[in-house]
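This report concerns only the one structure given below.
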Amino acid sequence: MADGSLTIARRELQVLKAEKTIVLALLIQVFIAAFSSFLVVGLVSLYDPGSVQGYQVDVALSGSEEEARELLGVMNDQPGVRPVPYETREAALAAFQDGDVEAVLVAQRRDGRTFVRATVPDSNIETTVTVVQVREVLQAFERTERTERASSLERVPLDLPRQGTSSPYFGFTYTVLVPLLLFLPVFISGSLAVDSLTEERDRGTLELLRVAPVSFGDIVDGKLLAAAGLAPTQAALWVGLLRLNGTSVAHPALLVAFVASLALLVVSVALALAIVSPDRRTAQLLYSVAVLLVFGGSTVLPVNPANVAARLAIDSADPTSAAAVGAVAVAGAGAYLGLRWVTRRVDPATLS
């Protein structure tokens with residue numbers, strides 16, 4: 001990039017420092033990264049309510065004698081659940097209505113099958129945790145019944161999914177927190193690029209920039225450099241803060257390169273949309289839809305940005321993950337070349 005582009009990039013960074021919204025967003029991300037081990041405890045309780053430690057759900061149990069006894073044995077093995085047997089279903093429901101228990105399970109045998117009817121609170125602050133605990137009890141009961149009755153089955157049913165043994169804190173950190181901190185700056189950079197170019201046109205300052213000894217291509221490159229350069233810089237800082245806070249992150253250099261490639265791709269597309277779109281709102285709408293379609297659609301693929309980032313962070317990347325990083329780098333370079341092509345074919349006078 002020419003010296004004119006570097007001048008424009010420095011100007012953009014000076015303008016960003018005066019934007020209180022952007023500074024506040026950066027401070028929030030710094031806080032999340034710097035205090036991740038503290039925040040993750042509270043966030044995991046929302047991400048996986050069943051992981052809450054020290055909270056016990058009292059569940060009333062009733063129904064047929066044999067089925068209720070089998071369900072009682074399963075409930076005794078489930079942490080966070082305390083079964084309270086009742087002679088009748090009506091007595092169990094009465095205890096539920098009086099607030100003595102948080103849920104009711106009624107097990108009955110009909111037509112050779114075991115049915116369990118669950119009753120949980122309609123809506124209160126304990127509902128989510130109660131539902132999760134009851135669900136785990138029913139899943140454990142299903143596994144037990146399948147194991148005990150396997151010899152009497154006429155047909156072999158589908159195997160149940162294997163029970164996960166990983167910590168919810170580990171899963172949340174590397175599948176939610178790390179991708180969030182890595183990709184949020186990318187999306188913000190694209191939005192900043194759209195606003196930067198369209199506001200220059202709306203305010204009439206784009207014409208003033210063209211009077212200076214810089215070309216329209218230099219202006220676009222300068223805005224690209226400022227916006228796309230912020231994302232990998234932030235990613236490096238977030239990774240450093242996470243590691244300083246006790247969260248191990250493998251392959252930091254490759255992760256930063258991955259974010260830089262994504263930023264080049266996203267910001268190039270954002271600037272191209274800002275050039276061809278008539279106004280700021282239209283450009284932002286097109287950018288938002290494009291990001292939603294691309295990144296939202298990629299989540300259905302086995303190799304998607306969040307999956308690649310998580311694999312790299314936990315040092316379990318395979319050749320496919322490395323290929324994905326390379327593919328994003330190629331796509332970013334292609335998007336930049338496309339932006340240059342659009343820049344050369346647009347008359348700057350039509351944007352002012």
Side-chain angles (χ1 to χ4, degrees), residues 32 35-153 157-173 175-177:
I32 293 174
F35 298 94
S36 58
S37 61
F38 172 76
L39 293 175
V40 77
V41 176
L43 293 174
V44 167
S45 66
L46 301 176
Y47 168 76
D48 184 7
S51 64
V52 177
Q53 301 294 327
Y55 183 82
Q56 191 174 62
V57 176
D58 292 334
V59 179
L61 175 62
S62 183
S64 304
E65 182 178 354
E66 181 179 353
E67 283 66 33
R69 184 174 63 253
E70 293 176 353
L71 184 55
L72 177 62
V74 172
M75 295 174 68
N76 285 329
D77 295 332
Q78 293 296 309
V81 175
R82 187 174 73 90
V84 183
Y86 285 86
E87 292 293 334
T88 63
R89 173 178 175 271
E90 289 73 18
L93 291 175
F96 176 73
Q97 294 293 337
D98 293 338
D100 296 332
V101 294
E102 283 80 32
V104 177
L105 293 180
V106 179
Q108 294 179 330
R109 185 114 177 138
R110 298 195 303 268
D111 301 327
R113 296 184 178 183
T114 300
F115 293 84
V116 180
R117 181 166 183 168
T119 303
V120 296
D122 183 19
S123 59
N124 60 43
I125 195 171
E126 299 175 345
T127 298
T128 303
V129 176
T130 301
V131 169
V132 171
Q133 298 286 24
V134 170
R135 182 190 64 193
E136 292 180 353
V137 168
L138 296 178
Q139 289 175 342
F141 182 60
E142 180 185 9
R143 292 178 182 275
T144 301
E145 289 294 296
R146 281 177 177 254
T147 302
E148 293 180 353
R149 302 177 188 276
S151 59
S152 61
L153 294 176
L158 294 175
D159 293 334
L160 288 173
R162 290 181 298 177
Q163 288 182 302
T165 57
S166 62
S167 167
Y169 298 95
F170 181 87
F172 177 83
T173 298
T175 62
V176 177
L177 183 61

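Computed from a predicted structure; not experimentally measured.
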### Task
Could you walk me through whether Met75 and Gln78 pass the side-chain contact (heavy atoms from CB on, under 4.5 Å) test, one step at a time?
CA-CA 5 Å; Met75 295 174 68; Gln78 293 296 309; 5.5 Å; no

### Task
Evaluate the side-chain contact (heavy atoms from CB on, under 4.5 Å) criterion for residues Val81 and Val134: first the C-alpha distance (whole Å), next the side-chain angles of each, then the deciding distance (0.1 Å), finally the verdict.
CA-CA 8 Å; Val81 175; Val134 170; over 6 Å; no

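Interatomic distance, CG of Asp77 versus CZ of Phe141, reported as 13.0 Å (0.5 Å rounding). Atom CD of residue Glu142 and atom CD of residue Gln139 lie 7.5 Å apart, to the nearest 0.5 angstrom.
Two residues are said to be in side-chain contact when any heavy atoms from C-beta on lie closer than 4.5 Å; Val137 and Leu105 meet this criterion. Counting only heavy atoms from C-beta outward, the side chains of Arg109 and Glu66 never approach each other to under 4.5 Å. No side-chain heavy atom of Val104 sits under 4.5 Å from any side-chain heavy atom of Ser62.
Contacts classified as side-chain hydrogen bond (donor to acceptor under 3.5 Å, both in side chains) and involving residues 80-96 (residues at least two apart or in different chains) are given here: Asp58-Arg82.
Considering all non-hydrogen atoms of both residues, Ala107 and Glu67 come closest at CB-CB, 3.9 Å. Smallest separation of non-hydrogen atoms from Ala92 and Val101: O-CG2, 4.5 Å.
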